[in-house]
Amino acid sequence: MKKMTKKEKNEFKRILMEKKERIVHKLSTFINESKEVESNVAQDVVDKAESSYTKEFLLSLSDTERSHLLLIDEALRRLEKDSFGVCQLCGKEIGEKRLEALPWTPYCIICQEKAEQEAESQ
Ligand SMILES: [Zn+2]
């Protein structure tokens, strides 16, 4: 697959961070110690998932927001590890258009559709 340039990576990182901040910020308004939540939780939700405070925070999220936040964190990790843009199931390249629309997606369109079909047939 073609290697992503540093510029492209930075751009995806910026988009992902923005999206993450928007979710975290929105949620912090539900919680009194909003400043503390923002600085603590925004850094790395997954690493801090052990603390009960973060668990509470995560529970206050809707399912969609929670899964989004985790997907975003995972995508940021993949950016660091140079595996961003590669389907986590089949290992093939995720289409550019798909990445632009859903930069946090871990799967290519084919695997995503397969997973959805399986979910429906259950
Ligand atoms: Zn795939």
Side-chain angles (χ1 to χ4, degrees):
M1 75 175 266
K2 74 173 161 61
K3 197 114 167 73
M4 211 174 268
T5 66
K6 201 166 184 210
K7 204 178 153 208
E8 282 170 322
K9 274 171 53 171
N10 283 340
E11 181 63 11
F12 276 119
K13 190 171 178 178
R14 191 185 61 78
I15 294 166
L16 287 164
M17 291 302 283
E18 252 180 41
K19 175 86 184 165
K20 181 174 167 173
E21 266 163 36
R22 222 176 298 160
I23 297 173
V24 171
H25 184 74
K26 187 182 146 205
L27 286 152
S28 69
T29 59
F30 290 113
I31 303 168
N32 289 337
E33 306 99 312
S34 58
K35 278 208 176 99
E36 205 184 323
V37 171
E38 269 184 61
S39 58
N40 285 343
V41 180
Q43 282 177 13
D44 197 327
V45 174
V46 175
D47 277 356
K48 292 189 195 300
E50 289 306 305
S51 83
S52 61
Y53 193 69
T54 308
K55 270 183 196 146
E56 253 172 65
F57 170 77
L58 287 172
L59 285 173
S60 73
L61 303 177
S62 74
D63 282 351
T64 317
E65 286 162 332
R66 191 160 46 220
S67 58
H68 250 132
L69 209 50
L70 294 175
L71 283 175
I72 290 168
D73 264 347
E74 281 167 19
L76 284 166
R77 269 163 211 233
R78 288 199 299 276
L79 265 177
E80 300 292 324
K81 289 190 299 184
D82 265 341
S83 59
F84 181 80
V86 177
C87 175
Q88 301 300 293
L89 277 179
C90 69
K92 286 190 185 126
E93 200 177 328
I94 300 172
E96 217 170 290
K97 285 227 169 73
R98 180 167 166 78
L99 271 185
E100 272 166 26
L102 304 163
W104 48 84
T105 186
Y107 308 129
C108 71
I109 186 78
I110 294 162
C111 290
Q112 179 79 53
E113 277 173 5
K114 258 192 226 163
E116 275 165 20
Q117 273 166 15
E118 270 165 34
E120 269 170 35
S121 66
Q122 268 166 14

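- In plain terms, the two heavy atoms of Ile109 and Arg98 that are nearest each other are N-NE, 3.5 Å.
- Side-chain atoms of Glu113 and Gln117 include no donor-acceptor pair closer than 3.5 Å.
- Closest non-hydrogen pair, Ile72 versus Lys20, comes out as CG2-CB, 3.8 Å.
- Ion pairing of Glu118 with Lys114 is absent here, as no side-chain N (NZ or NE/NH1/NH2) approaches a carboxylate O to less than 4.0 Å.
- Side-chain contact check for Glu11 versus Ile15: some heavy-atom pair is nearer than 4.5 Å.
- Smallest separation of non-hydrogen atoms from Ala75 and Trp104: CB-CA, 3.8 Å.
- Hydrophobic clustering of Ile, Leu, Val, Met, Phe, Trp and Tyr side chains at less than 4.5 Å, counting indirect connections, unites Met17 with Ile23.
- Closest approach of Glu93 to Cys108, counting heavy atoms only: O-CB, 4.4 Å.
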Evaluation steps, side-chain contact (heavy atoms from CB on, under 4.5 Å), between Glu74 and Gln88: CA-CA 11 Å; Glu74 281 167 19; Gln88 301 300 293; over 6 Å; no

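- At a threshold of 4.0 Å, the pair Arg22-Glu65 does not count as salt-bridged, since none of the basic side-chain nitrogens sits closer than that to a carboxylate oxygen.
- At a threshold of 4.0 Å, the pair Lys97-Glu100 does not count as salt-bridged, since none of the basic side-chain nitrogens sits closer than that to a carboxylate oxygen.
- Residues Leu99 and Phe12 share a closest heavy-atom pair of O-CE2, 3.5 Å.
- By the side chain to side chain donor-acceptor pair (under 3.5 Å) test, Lys9 is found to be paired with Asp82, residues two or more places apart in sequence or in another chain being considered.
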